There are 2 protein chains.
Amino acid sequence: MATITTIDGLAQLSFLIYGTLERRAAEHDLSMVQTRVLGVLRDRRPTMNQLAAYLGLDKSSVTGLIDRAERRGLVAREPSPADRRSVLVSLTEPGRALAARVQAAFEADVTEMLARLTPPERAALSAVVTHFVTAHAEATGVDLAAGLLPSP
Amino acid sequence: MATITTIDGLAQLSFLIYGTLERRAAEHDLSMVQTRVLGVLRDRRPTMNQLAAYLGLDKSSVTGLIDRAERRGLVAREPSPADRRSVLVSLTEPGRALAARVQAAFEADVTEMLARLTPPERAALSAVVTHFVTAHAEATGVDLAAGLLPSP
DNA sequence: TATTGTTATACTCTATAACTATA
DNA sequence: TATAGTTATAGAGTATAACAATA
């Protein structure tokens, strides 16, 4: 029954939540980066270049990522009408459905974890976490926005 | 100024903390898994097999991981006196020093984030996070124990 | 026979550099 | 010339299957 510091607790909490999503994604043969791709595309139809910026990856890495996702039928490439050099990437219906399944399973897991807290604890956690995240967003200028896999 | 749910907030918080560690580790040319290896070895001298269990990886994956860490002088292999099939893995002094530097930088980052909260908020966060993590440990039987990179 | 660790092989993920096609 | 995307190549990380040495 060791006393844990706030920092250790936050680190453990992060690994716990991150690992939960990773496990649920793996159940559907999705890596974390493929899961992020689906998350980014949920409400966007970016070019390959823009997608690389969202993911913080080199464009050559994204070529392979989208190759594999397209081979599985999760995303589609289309030529951009505006610029014949560009390629637009979007989610297919199976891709959208898969993303929804993973997100639902993940949310169920976290809901179950939250159920172990008392209602006042849940309220306190919600308030502090919200402030923590928004304060960080303001301080750094990076808004994580809403959704499973936020992006700048 | 969208309202975020507790689940979204927790997910964002987790990505934020996880990404912070990942960035600090990368500054020292450490991947997350190599960082976990150093963390596990901080207070253990396991066999390859035991290390694989701590990391949740196949033993063949750990062979390559330790090959690369050993090549960098961060860890050392020794024959086990107890069983001539076994190999004991331990941190070298440079490995220990590197792990300490990464941990210190990470803790400084999180401390800075926590400084954006009020003292009562910090106290509330600490209490709830501790309960969250310990409640999960009790419910699942997995004790994350102390330290930067907890293991079963 | 069973276990420990390594090797062989295959695939994902990542980056750098060079290339093609457009702008 | 500059930009968008792909290809070539190299290396880390992962797993499965086969193997050698030891128990």
Side-chain angles (χ1 to χ4, degrees), chain A residues 18-19 21-23 25-41 44-90 98 149, chain B residues 18-19 22-23 25-41 45-90 98 149:
Chain A
Y18 190 97
L21 178 55
E22 199 168 37
R23 187 162 5 90
E27 286 176 0
H28 295 86
D29 289 304
L30 284 175
S31 65
M32 281 300 268
V33 67
Q34 290 285 354
T35 305
R36 286 183 68 209
V37 167
L38 301 189
V40 166
L41 297 181
R44 288 178 195 82
R45 179 192 287 249
T47 66
M48 291 294 283
N49 228 2
Q50 290 167 337
L51 181 55
Y54 281 130
L55 298 171
L57 297 174
D58 189 86
K59 53 188 178 149
S60 65
S61 304
V62 177
T63 295
L65 241 27
I66 295 304
D67 282 350
R68 291 184 287 275
E70 196 176 25
R71 210 179 301 141
R72 286 179 64 180
L74 303 177
V75 306
R77 280 176 166 105
E78 303 163 272
S80 165
D83 184 335
R84 293 210 331 242
R85 294 171 302 180
S86 289
V87 172
L88 300 178
V89 188
S90 58
L98 184 58
L149 301 162
Chain B
Y18 190 97
E22 198 167 38
R23 188 161 3 89
E27 286 175 1
H28 295 86
D29 289 304
L30 285 175
S31 65
M32 281 301 267
V33 67
Q34 289 285 353
T35 305
R36 286 183 67 207
V37 167
L38 301 189
V40 167
L41 297 180
R45 177 192 288 252
T47 65
M48 292 291 284
N49 229 0
Q50 289 167 337
L51 181 54
Y54 280 130
L55 298 171
L57 297 175
D58 190 86
K59 53 189 175 146
S60 65
S61 304
V62 177
T63 294
L65 241 28
I66 296 304
D67 283 349
R68 291 184 288 275
E70 197 175 25
R71 211 179 300 142
R72 287 178 63 178
L74 302 178
V75 307
R77 280 177 166 104
E78 303 162 273
S80 164
D83 185 335
R84 295 209 332 243
R85 293 172 303 182
S86 290
V87 172
L88 300 179
V89 189
S90 58
L98 184 57
L149 301 162

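Note that the structure is a prediction, hence the values are computed from the model and not measured. In what follows, chains carry the letters A, B, and so on, assigned in the order in which the sequence lines appear, proteins first and then strands, with residues in each chain numbered from 1.
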Considering only heavy atoms from C-beta outward, does the side chain of [X] approach that of [Y] to under 4.5 Å?
X	Y	result
Thr47(A)	Leu88(A)	yes
Ile66(A)	Leu51(A)	yes
Leu30(A)	Leu74(A)	yes
Val87(B)	Asn49(B)	no
Leu57(B)	Leu65(B)	yes
Val89(B)	Val62(B)	no
Glu78(B)	Arg45(B)	yes

Could you state the atom-to-atom distance from [atom1] of [X] to [atom2] of [N] in whole Å?
X	N	atom1	atom2	value
Met32(B)	dC13(C)	CE	C1'	16 Å
Met48(A)	dT7(D)	CE	P	10 Å
Glu78(A)	dA4(D)	CD	C1'	17 Å
Leu55(A)	dT14(C)	CG	C1'	12 Å
Ile66(B)	dT14(D)	CD1	P	11 Å
Arg71(B)	dG11(D)	CZ	C1'	10 Å

Of the options dT4(C), dT6(C), dG13(D), whose atoms approach the side-chain atoms of Gln34(B) most closely?
dG13(D)
Is Arg77(A) close enough to dT6(D) that one of its side-chain N or O atoms is under 4.0 Å from OP1 or OP2 there?
yes
For the helix from dT1(C)-dA23(D) to dA23(C)-dT1(D), figure out the bend between the end axes, five pairs an end, and round to 10 degrees.
20°
Once you apply a heavy-atom cut-off of 4.0 Å, does Ser86(B) come out as touching a base, just sugar-phosphate, or nothing?
sugar-phosphate
Applying a 4.0 Å non-hydrogen cut-off, can you work out what Thr47(A) is touching in the nucleic acid: base, sugar-phosphate, or nothing?
sugar-phosphate
Check: Gln34(A) side chain, Ser31(A) main-chain N or O, donor-acceptor pair, under 3.5 Å:
no
Determine, for nucleotides 15-23 of chain D in 5'-to-3' order, which nucleotides have protein heavy atoms under 4.0 Å from the base (write B), from only the sugar-phosphate (write S), or from neither (write -).
BBB---BBS
Start with the C-alpha gap between Arg36(A) and Tyr54(A), add the side-chain angles, then the distance that decides, and say whether side chain to side chain contact (heavy atoms under 4.5 Å, CB included) holds.
CA-CA 10 Å; Arg36(A) 286 183 68 209; Tyr54(A) 281 130; over 6 Å; no
